[in-house]
Number of protein chains: 2
Amino acid sequence: MEFEEGREKFIQAWGTLGSSWGINRTMAQIQALLLISPESMTTESIMEELNISRGNANMSLRALMDWGVVFKENRPGERKDYFYAEKDIWKVAVQVTRERRRRELEPLIRVLGQVESVPQEDGEEYQEFKKVTEDISKFADKVDGLFDKLAKADEHWFVGNFLKLLR
Amino acid sequence: MEFEEGREKFIQAWGTLGSSWGINRTMAQIQALLLISPESMTTESIMEELNISRGNANMSLRALMDWGVVFKENRPGERKDYFYAEKDIWKVAVQVTRERRRRELEPLIRVLGQVESVPQEDGEEYQEFKKVTEDISKFADKVDGLFDKLAKADEHWFVGNFLKLLR
DNA sequence: AGTAATTTTCAGAAACTTTTGAAAGTTTAG
DNA sequence: CTAAACTTTCAAAAGTTTCTGAAAATTACT
C-alpha cells in the first residue's frame, strides 16, 4: 500500500469510527487529517484536502473545539486561523468519554433520580419497575464514578497495572 | 410523579440513551418496555404500548435479538411469540460493549493493520502518519484486550475491587 | 388440502441529519 | 473610514435513517 492510499484509508476509517461515537463523519475526518498532519492547518487547506464546503469546515471545526479535541492557534502577523489536534490518544479518549458522559449518561441519571419519587404502589408492574430502575441507577452511578477515576489515572497506570490486575 | 408518568419518562430516556449507543430509538424503547415488564410480551402488545407499526416492531425485535439483549420465548399451546429482555444490567452492558467492539473497533484495527505495510519514506508527513497510526494501533489493541477481560470479570468483582483499586 | 393466525418483507413516505454556498458579519491594517 | 481578508450564519438541497402498512410468506390446526 502506498503512503497516499494509506493516508486516505486511515481518514476514511477514522471517519466511520467517529460516526458511531457521536462525532459525525466530517468532524472525524478533519480530526484524522489534523492528527496525521505535522503542522497545524488552515480552514482553506482542510476544505481542499477533504473536498468540503466552507460552511461545513467551519461548523465541524467549531464542534471539534467544543469537544475539546482540536484547538485554534494564532500565528503572530497572520490573519488566518490555524487548527491542530490533540495527538495524545489517551487524552483524546478521556476527553471524548467525558463529553459523552455529560451528553448521554447525565440525562439518564437525572431521569432516574426523578423516577425515584414515584410513590409506592401494589402490583407486580410497580415492583418490577422499581427494581429495574434502581438497578440501573446504581449501575449508572458506578459507571459515572469510574469515568471520574479513569480521567484522573494516567495512561501508563492504565495500560500497565490495570491489565495486569485483570489477569 | 405518578407511576404511569415515571414509566413513560424512563422509556423515553432509555430511548434517547440508546440512540447514542448504536441502538436506535425504537429498539431502545422496546428494550426499556421489556425491562420493566414483569412478563414477556407479544409483538401486538409492544406495538400498542409504543404506538409503532408491525413492521417496525418486528424489525426492531429482531435487531435486539441480534444484539443478544432480548430473547424469544415459546409458550406451549400458543402460536404467538413472546419476548423478554435480559434484566441483569451488567450482562446487558457487557453484551452491548461486545457488539460495539465487533462492529466499530474491529474495522479500525483492520485498517490500521493494513496501513502498517506502507513502505518507509522520507519527510515529516510520513513520520507523523506513522507515529500517529502506530500510537492508535497500540491503544486500540489495549482497549480490545480490556474488553475481553471485562467480559470475563463479574459484576461484583468489577464494582467492588476495581473501584477500590482506582482510589 | 384449506384456512386462519402470525410473522416477515419491502417499497415508498416521513423524519432527521448533514452539507452546501452565498450573503452577512467581523476584524485588522493602512 | 475603507477595503481586504477572513469567519460565521442560515435557508435550502442532498443524503441517510427510520417507520409504515399492505402484501407475501410461513406456520399450525382441522
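The chains referred to below are lettered A, B, ... by the order of the sequence lines, with proteins before strands, and numbering in each begins at 1. Predicted, not measured: the structure shown is a model, and the values here were computed from it.
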Quiz prompt | 5′-ward residue of the pair B/Glu78/A/Asp81 relative to DNA chain D | solution =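 Its nearest nucleotide lies further toward 5', so the answer is A/Asp81.
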Rounded interatomic separation in angstrom, taking [atom1] from [X] and [atom2] from [N]:
X       : N      : atom1 : atom2 : answer
B/Met47 : D/dA22 : CE    : P     : 12 Å
A/Ile23 : C/dT18 : CD1   : P     : 12 Å
B/Lys80 : C/dT8  : NZ    : P     : 15 Å
A/Ile46 : D/dT7  : CD1   : P     : 10 Å
B/Asn58 : D/dT18 : CG    : C1'   : 15 Å
B/Asn74 : D/dT26 : CG    : P     : 18 Å
B/Asp66 : C/dT8  : CG    : C1'   : 15 Å
A/Gln29 : C/dT19 : CD    : C1'   : 13 Å

* Asked: Looking across every strand, which nucleic acid part, if any, lies under 4.0 Å from A/Asn24 by heavy atom: base, sugar-phosphate, or nothing?
  ->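 Sugar-phosphate, no base atom in range.
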Under the 3.5 angstrom rule, does the side chain of B/Arg100 hit a backbone N or O of B/Trp21 as a donor-acceptor pair? yes
Shared hydrophobic cluster, B/Leu108 / B/Val115 (ILVMFWY, side-chain heavy atoms < 4.5 Å)
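Yes, same cluster.
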Exercise for the section: Report yes if a side-chain nitrogen or oxygen of B/Arg25 is closer than 4.0 Å to either non-bridging phosphate oxygen (OP1 or OP2) of C/dA15; otherwise report no. Expected result: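 No, outside the criterion.
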Look at the side-chain N and O atoms of A/Thr43 and state whether any lies under 4.0 Å from the OP1 or OP2 oxygen of D/dC6.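 So the side chain of A/Thr43 is outside the cut-off, no N or O lying under 4.0 Å from OP1 or OP2 of D/dC6.
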Tabulate protein N/O versus nucleotide N/O from nucleotides 20-29 of chain C, keeping only pairs under 3.5 Å, one per line.
residue: C/dT20; atom: OP2; partner: A/Ser53; partner atom: N; Å: 2.7
residue: C/dT20; atom: OP2; partner: A/Ser53; partner atom: OG; Å: 3.1
residue: C/dT20; atom: OP2; partner: A/Asn56; partner atom: ND2; Å: 3.2
residue: C/dT27; atom: O2; partner: A/Arg79; partner atom: NH2; Å: 3.2

query = With a cut-off of 6.0 Å (strictly less than), are more than 12 heavy atoms of other residues, nucleotides or ligands near CD of A/Glu5?
reply = yes
Return yes when atom CD of B/Glu78 has more than 12 non-hydrogen atoms of other residues, nucleotides or ligands closer than 6.0 Å, and no otherwise. yes
* **Nucleotide of D/dC19, D/dT8, C/dT19 approaching A/Arg62 most closely (side-chain heavy atoms)** =>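 Side chain of A/Arg62 sits closest to D/dT8.
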Is the Lys NZ or Arg CZ of B/Arg75 less than 6.0 Å from the centre of B/Tyr82's six-membered ring, within 45° of the axis? yes
| Going from OG1 on A/Thr43 to CZ on A/Arg54, what distance comes out if it is rounded to the nearest 0.5 angstrom? |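 Rounded to the nearest 0.5 Å, the OG1-CZ separation comes out at 7.0 Å.
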**Item:** Student check: side-chain heavy atoms of B/Asp81 and B/Asn74 closer than 4.5 Å
**Value:**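 Yes; the side chains approach each other to less than 4.5 Å.
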